[in-house]
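Worksheet for the structure shown next.
A note on names: the letters A, B, ... follow the listed sequences, proteins ahead of strands, and every chain is numbered from 1.
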There are 2 protein chains.
Amino acid sequence: MATAKGKKTRVSDGVARERLLKSATLLFTRKGYAGATVREIVAAAGVTKPVLYYYFRNKEGIYLELMRGGFSRFDSLLEESLSVRGSAADRLTRLCTQVFSLFLDHIDVARVMYAIYYGPPQGAPFIDFDAYHRNLQDVVRGLVREGIRKGEFGKGNVDDMMWAILGALNVAMESRLCQPGDAVDQDGLGRVLKIIYRGIAPAGKRDPRGSDVRGKGGRK
Amino acid sequence: MATAKGKKTRVSDGVARERLLKSATLLFTRKGYAGATVREIVAAAGVTKPVLYYYFRNKEGIYLELMRGGFSRFDSLLEESLSVRGSAADRLTRLCTQVFSLFLDHIDVARVMYAIYYGPPQGAPFIDFDAYHRNLQDVVRGLVREGIRKGEFGKGNVDDMMWAILGALNVAMESRLCQPGDAVDQDGLGRVLKIIYRGIAPAGKRDPRGSDVRGKGGRK
DNA sequence: GTCTATATTGAGATAGAC
DNA sequence: GTCTATCTCAATATAGAC
């Protein structure tokens with residue numbers, strides 16, 4: 001990230017950039033993409049307009065950078081989950097836990113995404129949120145399928161299992177967005193997933209409740 | 001509403017009113033609450049401004065009427081579910097099915113609600129969506145508790161079970177909002193709920209109807 | 001009263017000095 | 001990299017003709 005030449009600057013490289021990203025997130029959240037003005041964003045960041053244009057080209061640029069930051073990490077998680085080894089349940093839990101963790105770490109950016117996705121048109125550049133949603137679905141579906149193939153899960157409708165799992169992840173995230181007080185945390189998500197694994201276990205092989213409550217995977 | 005003809009109405013009572021509600025829903029969905037002008041709404045409904053004023057007083061009035069329409073039915077469902085008899089699972093499924101049905105019947109109003117809830121401030125009158133969400137949580141939690149008390153569900157964290165069930169309902173609704181093509185339908189929701197009932201069944205006992213989690217879709 | 005032309009504002013964006 | 005100063009443009013507001 002730092003410039004190769006190590007040129008001296010008034011503030012160290014990227015500080016203003018980070019401040020801008022932060023203030024843009026805050027203001028996009030509070031007033032929407034259209035409602036947040038470049039003036040407010042730079043004022044809140046304690047810099048002047050040209051600084052924003054220097055780093056991000058324009059208002060759309062800083063918005064896209066926000067989105068890209070979140071989604072690139074998300075893509076990494078999906079990719080990583082394909083190479084990780086372990087039981088299907090462990091891999092699913094790992095994936096959900098990591099996605100949830102990413103969500104919690106950037107919940108303010110997530111709010112902006114939700115507002116753009118569900119909210120009215122605001123002139124923001126198009127982001128194909130549905131594609132990311134489908135990617136997650138595909139990965140989860142693949143892991144479920146593998147679990148069935150290995151006999152870890154019972155035979156049944158793969159999509160039903162996928163929806164049950166995504167429902168757990170989804171409700172955890174949205175409970176955070178909606179009621180930060182009484183919401184689902186990482187452990188809660190892990191426990192809800194356990195309920196689902198038990199529900200999709202093969203007919204004869206249901207392990208007793210709470211036989212493995214750890215979220216990091218039973219054996220490693 | 002006043003069916004008495006105190007005023008001169010050119011169309012039969014309620015027709016213009018319904019047309020206004022429909023066009024307002026459409027325009028609130030497309031352009032947001034703030035973006036939809038009274039002019040457009042009445043034009044789309046084929047009536048004149050005074051007609052809107054007569055039925056709804058103003059833009060806020062027609063918006064509140066939309067919200068009230070959805071939520072009053074929702075409240076009825078919650079209330080009704082308290083008096084219905086049957087197993088906890090049946091009552092939970094019945095409640096979720098009915099809520100989902102209500103959602104599907106008024107999915108365009110639901111879109112407006114989502115946009116207001118998650119979207120940026122648009123100057124719309126405040127609606128306490130969180131309260132409705134909490135109400136649903138409370139009813140589901142109560143039904144889960146009863147299921148545990150009657151031995152239908154195993155002992156365990158009541159909230160975890162509640163979140164699993166709400167996750168299923170939630171993901172069904174949002175899959176409809178997001179990807180109308182490949183979404184969850186009533187049967188799908190029922191099957192996902194079965195998975196969860198199995199997952200929260202008492203340790204030794206298998207839910208008779210949940211013994212087959214296979215849906216008609218099979219593997220996809 | 002309503003309409004239209006003009007003024008004003010406030011938005012995003014840029015040039016060039018340092 | 002950052003600043004001061006400025007530009008363009010569209011929406012809004014207003015004034016004055018009709």
Candidate nucleotides C:dG12, D:dT2, D:dT4, ranked by approach to the side chain of A:V51 - the nearest = D:dT2
Of the nucleotides D:dT4, C:dA13, D:dT2, which has the atom closest to the A:N58 side chain?
-> C:dA13
How long is the line joining [atom1] of [X] and [atom2] of [N], in whole Å?
X	N	atom1	atom2	result
A:E60	C:dA11	CD	C1'	14 Å
A:K49	C:dA11	NZ	C1'	8 Å
A:L52	C:dT14	CG	P	11 Å
A:F56	D:dG1	CZ	P	13 Å
A:I62	C:dA11	CD1	P	17 Å
A:R57	C:dA15	CZ	P	13 Å
A:Y54	C:dC18	OH	P	19 Å
A:Q122	C:dG12	CD	P	13 Å

Residues of residues 35-43 of chain A with any non-hydrogen atom less than 4.0 angstrom from an atom of DNA chain C: list those, numerically ordered, please.
-> A:A36, A:T37, A:V38, A:R39
Just grab all the salt bridge (Lys or Arg N to Asp or Glu O under 4.0 Å) pairs involving residues 59-73 of chain A, residues at least two apart or on different chains.
-> A:R17-A:E65, A:E65-A:R68
Do other residues, nucleotides or ligands put more than 12 heavy atoms under 6.0 Å from the [atom1] atom of [X]?
X	atom1	answer
A:E79	CD	no
B:Y117	OH	yes
B:E80	CD	yes

Does [X] have a side-chain nitrogen or oxygen under 4.0 Å from the phosphate oxygens OP1 or OP2 of [N]?
X	N	answer
A:Y55	D:dT2	yes
A:Y53	C:dT14	no
A:T48	D:dT2	no

Any chance the side chains of B:N170 and A:E174 put a donor and an acceptor closer than 3.5 Å?
-> yes
Side-chain heavy-atom pair A:M67, A:F129 within 4.5 angstrom cut-off | yes
What residues form a ring pair (Phe, Tyr, Trp, His ring centres under 6.0 Å) with B:Y132, not counting sequence neighbours?
-> B:F71
